[in-house]
There are 2 protein chains.
Amino acid sequence: MPRQGKEGRKIDGARLPERFGRARAAQAMALTEDYVELISDLIAEFGEARIADIAQRVGVTHPTATKAIARLKREGLASSRPYRGVFLTDAGAALAERVRARHRIVVDVLVAIGVPRETAELDAEGMEHHVSDATLKAFKAYLRKKA
Amino acid sequence: MPRQGKEGRKIDGARLPERFGRARAAQAMALTEDYVELISDLIAEFGEARIADIAQRVGVTHPTATKAIARLKREGLASSRPYRGVFLTDAGAALAERVRARHRIVVDVLVAIGVPRETAELDAEGMEHHVSDATLKAFKAYLRKKA
DNA sequence: AAAATAATGAAGCATAGGCTACATTTATTA
DNA sequence: TAATAAATGTAGCCTATGCTTCATTATTTT
Ligand SMILES: [Mn+2]
Ligand SMILES: [Mn+2]
Ligand SMILES: [Mn+2]
Ligand SMILES: [Mn+2]
């Protein structure tokens with residue numbers, strides 16, 4: 001490839017940076033989304049979300065979970081006081097709901113296509129964070145039609 | 001949630017750690033996969049893959065791309081010499097092929113379901129890395145049936 | 001052939017997200 | 001109630017990925 005000036009750099013892959021940039025942005029949100037959903041689950045099940053339980057379910061050590069929750073607090077999604085459980089703000093609870101619904105739809109679509117349920121659950125945990133609103137809408141329409 | 005000993009911790013979310021762990025592992029591979037595919041593309045198009053072009057397409061600065069390629073070299077997927085382009089080893093080229101094929105199938109499935117092609121391309125860039133072999137197999141079967 | 005430009009390299013900084021080790025606090029149990 | 005166990009907090013370390021800034025090397029242009 002010959003060296004090139006500012007012009008003439010519109011080779012074919014011109015839209016790639018946007019794609020990769022979006023994937024990076026989605027990934028940056030992934031942990032946040034999984035944590036708020038999990039905290040919401042624990043509160044629904046047990047009335048509270050303890051650091052130890054969060055860490056255990058995510059599969060990390062408790063300091064790692066503590067750090068993640070500190071970030072949620074910084075971002076206004078959660079609150080907590082020393083030696084007490086973690087709670088979600090309204091924003092956090094709303095996000096958890098959206099994430100939960102999206103997760104379910106992704107799994108349902110995979111199953112509808114023929115992916116074994118167990119596999120669908122495994123793969124959806126990572127895939128879900130990259131499903132845009134537009135795609136989610138198409139997924140819903142597909143499931144409605146299939147039903 | 002009452003404090004608990006080693007026993008009795010088999011609450012419902014017992015399979016969650018595995019799910020999250022797999023998602024983390026897939027994510028760790030994501031950049032590697034995208035880079036090798038891109039390097040393969042550039043070599044096919046221009047006969048060489050330059051750092052500047054790689055960085056531009058991935059949407060990062062050139063030192064970031066350099067660091068990523070250093071890792072590919074460490075992992076035996078690429079090779080390069082100072083001020084020369086980047087090349088793929090046999091292992092790297094094989095990985096690139098697998099990644100390219102998977103990317104195409106993911107896009108095709110999304111489109112078949114009703115996702116607009118442009119959106120499908122965007123979302124697939126992140127989703128693809130979380131599609132397991134089992135799911136890929138189901139995707140292929142679905143596309144065959146649809147056709 | 002020199003000068004200017006482009007590409008690459010290398011250093012150093014930041015943040016996210018892992019970990020271990022140890023201190024402190026709370027809850028259970030003896 | 002004292003002793004033990006569990007949970008939480010805190011400090012410090014590591015790697016991966018980003019970045020900016022500046023030095024060096026190749027390539028083009030004059
Ligand atoms: Mn997830
Ligand atoms: Mn999920
Ligand atoms: Mn990708
Ligand atoms: Mn791809």
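A, B, ... follow the sequence lines: proteins, then strands. Residue 1 opens every chain. Only this structure's heavy atoms are used, side chains among them; waters, hydrogens and symmetry mates stay out.
- Salt bridge annotation for B:Arg19-A:Glu37: absent, with no cationic side-chain nitrogen under 4.0 angstrom from a carboxylate oxygen.
- Rounded to whole Å, the distance from CD1 on A:Ile51 to P on C:dT26 is 15 Å.
- In this structure, the CD1 atom of B:Ile69 is 15 Å from the C1' atom of C:dA10, given to the nearest Å.
- What separates CZ of B:Arg50 from P of D:dA26 is a distance of 11 Å, to the nearest Å.
- Between the A:Thr89 side chain and the A:Gly76 main chain, a donor and an acceptor come within less than 3.5 Å of each other.
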Letter by letter from the 5' end, nucleotides 17-23 of chain D scores (B base, S sugar-phosphate only, - none; protein heavy atoms under 4.0 Å) BBBBB--
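- For B:Arg24, there are no salt bridge (charged side-chain N to carboxylate O under 4.0 Å, His left out) partners at least two apart in sequence or on another chain.
- We find that NE2 of A:His129 is positioned 12 Å from P of C:dG17, with the value rounded to whole Å.
- Nearest-nucleotide positions on DNA chain C place A:Glu75 closer to the 5' end than the other of A:Pro82 and A:Glu75.
- Here D:dT25 presents its C1' atom at 10 Å from CZ of B:Arg84, a figure rounded to the nearest Å.
- Distance, A:Arg74 CZ to C:dG17 C1': 12 Å, rounded to whole Å.
- Proximity of a side-chain donor or acceptor of A:Thr66 to a complementary backbone N or O of A:His62 within less than 3.5 Å is detected.
- Between A:His130 and B:His130, the distance separating the two ring centers is shorter than 6.0 angstrom.
- B:Arg102 contributes no side-chain N or O that, together with a main-chain N or O of B:Leu136, makes up a donor-acceptor pair within less than 3.5 Å.
- The NZ-P distance, from A:Lys73 to C:dA16, rounds to 16 Å in whole Å.
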